[in-house]
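In listed order, ligands and their atoms are each counted from 1.
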Amino acid sequence: MRLEFTKMHGLGNDFVVIDCISQRARLDTHQIKQIADRHFGVGFDQLLLVEAPTRPDVDFRYRIFNADGSEVQQCGNGARCFARFVRDRKLSRKTKLIVETASGIIELNIAPNGWVRVNMGVPRLEPNDIPFIASARALTYPLDVSDHIIEISAVSMGNPHAVILVDNVNTAPVREWGRIIENHPRFPERVNVGFLEIIDRQRAKLRVFERGSGETLACGTGTCAAVVAGIQQGLLDERVRVQLRGGELDIRWQGEGHPVWMTGPTARVFDGVLRLYEWQ
Ligand SMILES: N[C@H](CCC[C@H](N)C(=O)O)C(=O)O
């Protein structure tokens, strides 16, 4: 199978993006993991598939796969790159795209400079909607992590997030706790794990250990979830600039029942051709 693709990133969270409208792409989990491999393949945190809509009120369908081949419900940095890709390949001339994902509809607004403002939808906070096993909804939950009891917040942006407040993201046990919490039995669909350092009411720092991909340089949905958790705990105002390892995102949330807005850059790195029939 010969497939054209574009390598992109949103603040270093990197993607292989494939136009499945002008090309027929049928990839199984093994092939997705092969493409994700940073030595034997192209390498990516997520694979993004641009597909024709399945309903009349949207412009495109957007599918997302982690490096471990798992299909997931949402990807914030990927949504921005999706919008840039659609514009660059002239799949649409619209500057406002309505896109269906496995977790619902998102709205993408493309600025002339390539920055994209995304309505990431309304965050879900009920444990069953995360999903997270808890007797009742709370601001934070005690969780047993390698002989510690730590406090986490649990937020869904369509995909599940655990958020931990830390004093310093640079010294936080991101890999050690991230891997344990990612696979914690109280998260039946696994979970992304964010380590949030509050600087002041309008600024924060974040590192994210992503479900199915490990620590990434940025995580859009993780940033939205972390800001929601911070605002819920009375630590942040409704507009926050979040510094991730790969750069900065602008997040706005007016509170429960309102959508989270994320604004950030996109980057196109190179175009390439996959020749999967030649791979062992
Ligand atoms: N690893 C995530 C999907 C990608 C999210 C992240 N790359 C973003 O920008 O939101 C999950 O398994 O839910």
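With respect to atom 10 (O) of ligand 1, the closest heavy atom belonging to the protein is Thr221 OG1, 2.6 Å. The nearest protein atom to atom 9 (O) of ligand 1, hydrogens excluded, is given as Gly220 N, 2.8 Å; this is a heavy-atom distance. For atom 1 (N) of ligand 1, the closest non-hydrogen atom of the protein is Glu210 OE1, 2.7 Å.
Using 4.0 Å as the threshold, Ser213 has no heavy atom nearer than that to any atom of ligand 1. Residue-ligand proximity: Val72 is placed with a non-hydrogen atom under 4.0 Å from ligand 1.
Those atoms of ligand 1 with a heavy atom of Asn192 less than 4.0 angstrom away are 1 (N), 2 (C), 11 (C), 12 (O), 13 (O). Under a 4.0 Å criterion applied to the non-hydrogen atoms of Asn77, ligand 1 contributes the atoms 8 (C), 9 (O). Within ligand 1, counting atoms from 1 as listed, the ones closer than 4.0 Å to a heavy atom of Asn66 are 1 (N), 2 (C), 3 (C), 11 (C), 12 (O). The Gly76 neighbourhood of ligand 1 comprises atoms 8 (C), 9 (O), 10 (O), with distances under 4.0 Å to a heavy atom of that residue. Interface atoms of ligand 1 facing Gln74, defined by a heavy-atom separation under 4.0 Å, are 3 (C), 4 (C), 5 (C).
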>> Let's go through Gln232 and Ser153 carefully: what are the C-alpha distance in whole Å and the side-chain angles of both, what is the deciding distance for side-chain hydrogen bond (donor to acceptor under 3.5 Å, both in side chains) to 0.1 Å, and is it a yes or a no?
In response: CA-CA 9 Å; Gln232 286 282 87; Ser153 299; over 6 Å; no
> Should Leu27 and Leu3 be marked as a side-chain contact (heavy atoms from CB on, under 4.5 Å) after you check the CA-CA gap, both sets of side-chain angles, and the distance that decides it?
Replying inline: CA-CA 10 Å; Leu27 297 168; Leu3 276 177; 4.1 Å; yes
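Looking at Gln73 and Thr101, their side chains never come closer than 4.5 Å, going by heavy atoms from C-beta outward.
Other members of the hydrophobic cluster containing Ile164, listed by chain and number, are Ile130, Phe132, Tyr141, Leu143, Val145, Ile150, Ile152, Val166, Val169, Val174, Trp177, Ile180, Ile181, Phe187, Val191, Val193, Phe195, Phe209; membership follows side-chain contacts under 4.5 Å among ILVMFWY residues, whether direct or relayed.
Each salt bridge (Lys or Arg N to Asp or Glu O under 4.0 Å) pair with one or both residues in residues 129-142, not counting sequence neighbours, appears once here: Glu126-Arg137, Arg137-Glu256.
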